[in-house]
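Residue numbers run from 1 in the order of the sequence given.
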Amino acid sequence: LAGTVPEEERCTVERADASLTYPLFLQRFAFSRPVILRGVTDNSAFRSLCTREKLLAAFGARLVRLSTANTYSYRKVDVPFREYVEQLLKPQDPARLGSDTLYFFGDNNFTEWGHLFQQYVAPPFRIPGTSPAYSFGIAGSGSGVPFHWHGPGYSEVIFGRKRWFLYPPDQTPHFHPNETTLAWLHHTYPTLPPAQRPLECTLRPGEVLYFPDRWWHATLNLDTSVFISTFLG
């Protein structure tokens, strides 16, 4: 089931290319709505370092911290990176709760992973008064994080495809915090009237999604995916 998760019928998130200027980004998107950016950075060098073989060679013996894939991540588990990739990086079990699903994203040791992050070219547009922090992740098909919100940020897909669902701050989505995004997509999403459906789109490698402060969002990896977010705190 997880391996057959479809893309959305129509992307409803606006797109912009390298012609987007910083003043126009601030005026149209920074504080009001999400946008997908393409061509604003080139991360081909970073992507070449993120293959399975190179990541295992560099970090295989290192411990990584996994979080449960629910809205309020309560449980953390430390495992060797090689064990995560070779044993735990599997498609999402549709019957498994978010609190029982382990997800590698966000709890990065910047001392150990720092030389990799130094090769990443972050999106050029900053929100005044914020500073960037990276979160790197790898996850199996059908996995993802259910609806939650925080400050503004970017997310870029390095390998794979990631489907996003977004609601503005004043439109709280209907979901159970311990339900996976995959379960929500199959059980709740089909019942939503068109006016209550989220903004949605699938990111591909080289595309960067920007989401404003306090926007609700949920993610769903359509393939085994490598991704990195830049949180603006």
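- For H150, the NE2 atom is densely surrounded, since the number of other residues' heavy atoms within 6.0 Å is greater than 12.
- Connection of L20 to F31 is established within a shared hydrophobic cluster, with ILVMFWY side chains joined at heavy-atom distances below 4.5 Å, either directly or through further cluster members.
- From Y84, atom OH reaches atom CG of L102 across 8.5 Å, with rounding to the nearest 0.5 Å.
- Annotation: F227 is in aromatic contact with F105 [ring centroid separation under 6.0 Å].
- For H187 and H176, the ring centers sit 6.0 Å or farther from each other.
- Considering every non-hydrogen atom in both P123 and V208, the closest pair reads CG-CG1, 3.7 Å.
- Taking the ring centre of Y189 as origin, the terminal cationic atom of R163 falls inside the region bounded by 6.0 Å and 45° from the ring axis.
- A salt bridge links E7 with R204; the closest basic N to acidic carboxylate O contact falls under 4.0 Å.
- For the 3.5 Å distance criterion, the side chains of Y103 and N70 fail to qualify, holding no donor opposite an acceptor.
- Placement of V64 and F59 within a single hydrophobic cluster is found when ILVMFWY residues are connected by side-chain heavy-atom separations under 4.5 Å, directly or transitively.
- Aromatic ring centroids of W149 and Y167 lie 6.0 Å or more apart.
- Nearest approach of T180 to L97, heavy atoms of both residues: CG2-C, 3.9 Å.
- In this structure, the ring of F25 has its center less than 6.0 angstrom from the ring center of Y210.
- For NZ of K90, the number of neighbouring non-hydrogen atoms (other residues, nucleotides, ligands) closer than 6.0 Å is 12 at most.
- Looking at D78 and R65, a side-chain N of the basic residue comes within less than 4.0 Å of a carboxylate O on the acidic one, giving a salt bridge.
- Side-chain heavy atoms closer than 4.5 Å link hydrophobic residues (I, L, V, M, F, W, Y) into clusters, and following such links, even through other members, never connects F159 to V157.
- The distance from atom NZ of K76 to atom OG1 of T68, rounded to the nearest 0.5 Å, is 7.0 Å.
- Electrostatic pairing of E207 and R15 counts as a salt bridge here, judged by a charged N lying under 4.0 Å from a carboxylate O.
- F147 has its ring centre no less than 6.0 Å from the ring centre of W215.
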